[in-house]
Amino acid sequence: MSNPPVAVVTGASSGIGAATARALAAAGFHVVLGARRVDRCAEIAAEIGGTAVRLDVTDAESVAAFAAAVPRCRLLVNNAGGAKGLEPVVDADEDDWRWMFETNVIGTLRMTKALLPALIASGDGHIVTVTSIAAMEAYDNGAGYTGAKHAQAMLHRTLRGELLGQPVRLTEIAPGMVETDFSLVRFDGDQEKADNVYRGITPLTAEDVADVVAFAATRPSHVNLDQIVLKPRAQATAMRAFRES
Ligand code: NAP
């Protein structure tokens with residue numbers, strides 16, 4: 001295909017971002033994959049005919065350099081993010097909170113500001129933000145993450161109104177439990193704790209979420225899927241799931 005539409009996926013080195021890069025390439029996009037582990041992005045880019053560019057969404061210079069490397073952009077998937085720690089508020093670690101707000105919230109803000117001109121110029125732009133069910137509810141020991149995801153979601157939902165009249169769609173994807181490196185990162189590499197999160201349950205896969213992103217991105221341009229919540233069948237809320245013993 002000549003001049004395929006360009007999609008940027010942040011946090012494309014693993015999990016949902018990597019699967020989304022693959023799904024969007026299969027849907028006909030040229031995908032630009034960004035993350036700090038650019039070697040992993042490069043491997044996926046080679047597989048799908050995309051481009052890998054190093055990106056640290058917490059670093060303004062890195063975001064500016066990334067945006068300069070992407071002159072054309074029709075779709076931005078704000079996916080980079082995650083959680084650190086699972087403690088009651090009274091024991092909250094300020095560095096973990098800073099990491100979560102810098103990555104999920106300010107990172108999404110920076111990327112959106114940097115690529116919005118190109119998205120508008122495309123004449124058919126689309127911003128997909130991967131928030132979470134943590135952006136819909138509060139759960140015990142999760143205030144740092146739920147707070148950051150709520151703030152990220154507010155940024156995204158505010159744009160839905162602010163960009164009325166512009167050729168830009170906005171889709172929020174809010175997954176429940178997805179088995180990726182998410183819990184390994186949250187628990188600082190503790191594999192046993194990470195495995196326990198998915199004990200007795202069939203969680204979503206990164207590919208399940210990627211399918212939904214690709215579906216939203218391939219609707220006709222007058223169709224805006226505003227918000228999509230997807231969870232494993234066995235999960236009702238962040239706090240309530242059915243586990244096989
Ligand atoms: P993951 O496998 O840990 O992926 C996280 C991605 O974010 C990695 O590619 C990581 O890449 C990237 N990232 C982290 N910090 C970054 C930074 N400063 N700059 C650029 N990229 C950065 O976890 P995941 O589950 O796929 O998470 C993807 C998104 O889904 C996150 O926003 C997460 O909050 C959300 N989510 C996950 C779940 C779940 O249960 N897994 C549920 C709901 C929502 P590098 O480390 O290479 O930079």
Side-chain angles (χ1 to χ4, degrees), residues 8-23 32-45 52-63 65-67 76-86 96 98-111 114 128-137 139 142 144-153 155-156 172-189 194-198 201-210 212-213 228-232 235 237-238 241:
V8 164
V9 180
T10 72
S13 60
S14 75
I16 295 168
T20 297
R22 291 190 174 100
V32 183
L33 300 92
R36 293 166 304 178
R37 288 170 294 176
V38 72
D39 48 327
R40 287 186 176 215
C41 292
E43 278 172 31
I44 301 162
V53 180
R54 190 180 182 281
L55 173 66
D56 180 348
V57 297
T58 68
D59 175 352
E61 276 180 23
S62 172
V63 171
F66 183 93
L76 166 63
V77 183
N78 283 314
N79 166 75
K84 289 265 188 198
L86 190 67
D96 284 351
R98 246 176 239 113
W99 186 93
M100 289 187 274
F101 277 77
E102 275 290 336
T103 309
N104 294 284
V105 188
I106 309 295
T108 297
L109 174 65
R110 277 202 190 102
M111 287 305 298
V128 173
T129 302
V130 181
T131 63
S132 170
I133 57 169
M136 312 278 169
E137 48 181 299
Y139 62 83
Y145 184 58
T146 56
K149 285 299 191 187
H150 273 72
Q152 181 193 33
L155 184 174
H156 174 93
E172 178 183 349
I173 309 273
M177 201 184 286
V178 191
E179 191 163 11
T180 61
D181 287 347
F182 175 86
S183 294
L184 206 57
V185 172
R186 171 170 240 175
F187 297 121
D188 214 11
D195 290 345
N196 212 30
V197 172
Y198 311 108
I201 206 167
T202 304
L204 297 176
T205 64
E207 289 71 24
D208 294 329
V209 182
V212 174
V213 176
I228 304 173
V229 182
L230 66 157
K231 289 180 280 196
Q235 183 180 31
T237 69

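Ligands are counted one by one from 1 in listed order, and the atoms in each one are counted from 1 as well. These numbers come from the heavy atoms of this one structure, side chains and all, not from hydrogens, waters or symmetry mates.
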Show the atoms of ligand 1 that are less than 4.0 angstrom away from any heavy atom in G11.
6 (C), 7 (O), 8 (C), 9 (O), 12 (C)
For atom 28 (C) of ligand 1, which protein heavy atom lies nearest, and how many Å away is it?
N79 OD1, 3.1 Å
Tell me which one of V9, T20, V178 gets a heavy atom nearest to atom 41 (N) of ligand 1.
V178
Between R40 and ligand 1, which residue portion shows a heavy-atom distance shorter than 4.0 Å: side chain, backbone, both, or neither?
neither
Any donor and acceptor pair, going by atom type alone, linking the side chain of R186 with main-chain N or O of K84 inside 3.5 Å?
no
Nearest-contact summary for atom 46 (O) of ligand 1 - protein heavy atom, Å
R36 NH2, 2.8 Å
Within the structure, does G34 bring an N/O atom to less than 3.5 angstrom of an N/O atom in ligand 1?
no
What about I16: any of its N or O atoms under 3.5 Å from an N or O on ligand 1?
yes
Any atoms of ligand 1 less than 4.0 Å from a non-hydrogen atom of S14? List them with their elements.
1 (P), 2 (O), 4 (O), 8 (C), 9 (O)
Quick note on ligand 1: atoms under 4.0 Å from a heavy atom of G15 include exactly 2 (O), 26 (O)
Is the closest heavy atom of T10 to ligand 1 under 4.0 Å?
no
Y198 N/O to ligand 1 N/O under 3.5 Å:
no
Close approach, T131 and ligand 1, non-hydrogen under 4.0 angstrom:
yes
For atom 7 (O) of ligand 1, which protein heavy atom lies nearest, and how many Å away is it?
G81 N, 3.5 Å
Less than 3.5 Å between some nitrogen or oxygen of Y145 and one of ligand 1, yes or no?
yes
Please test F66 against V32 for side-chain contact (heavy atoms from CB on, under 4.5 Å), starting from the C-alpha separation and ending with a verdict.
CA-CA 10 Å; F66 183 93; V32 183; 3.8 Å; yes
Which of the listed options, G107, A174, A80, A134, holds the heavy atom that is closest to atom 21 (N) of ligand 1?
A80
Heavy-atom closest pair (N104 atom, G81 atom, distance to 0.1 Å) is OD1-CA, 3.2 Å
Hey, which atoms in ligand 1 end up nearer than 4.0 Å to a heavy atom of D56?
17 (C), 18 (N), 19 (N)
May I ask whether G82 places a heavy atom under 4.0 Å from ligand 1?
yes
I'd like to check whether V57 has a polar contact with ligand 1, where a contact means an N/O of the residue lying under 3.5 Å from an N/O of the ligand.
yes
Check each atom of ligand 1 against the heavy atoms of T58 and keep those under 4.0 Å away; list them by number with element.
18 (N)
Numbered atoms and elements of ligand 1 in range of V130, under 4.0 angstrom, heavy atoms:
30 (O), 32 (O), 35 (C)
If we ignore angles and hydrogens, is there a donor and acceptor under 3.5 Å between the side chains of T131 and E172?
yes
For the 3.5 Å polar cut-off, considering only N or O atoms, please tell me whether T180 and ligand 1 meet it.
yes
Distance-only, no hydrogens or angles: does the Q235 side chain make a donor-acceptor pair with backbone N or O of G176 under 3.5 Å?
no
Among all protein non-hydrogen atoms, which one is nearest to atom 20 (C) of ligand 1, and what is the separation to 0.1 Å?
L55 O, 3.3 Å
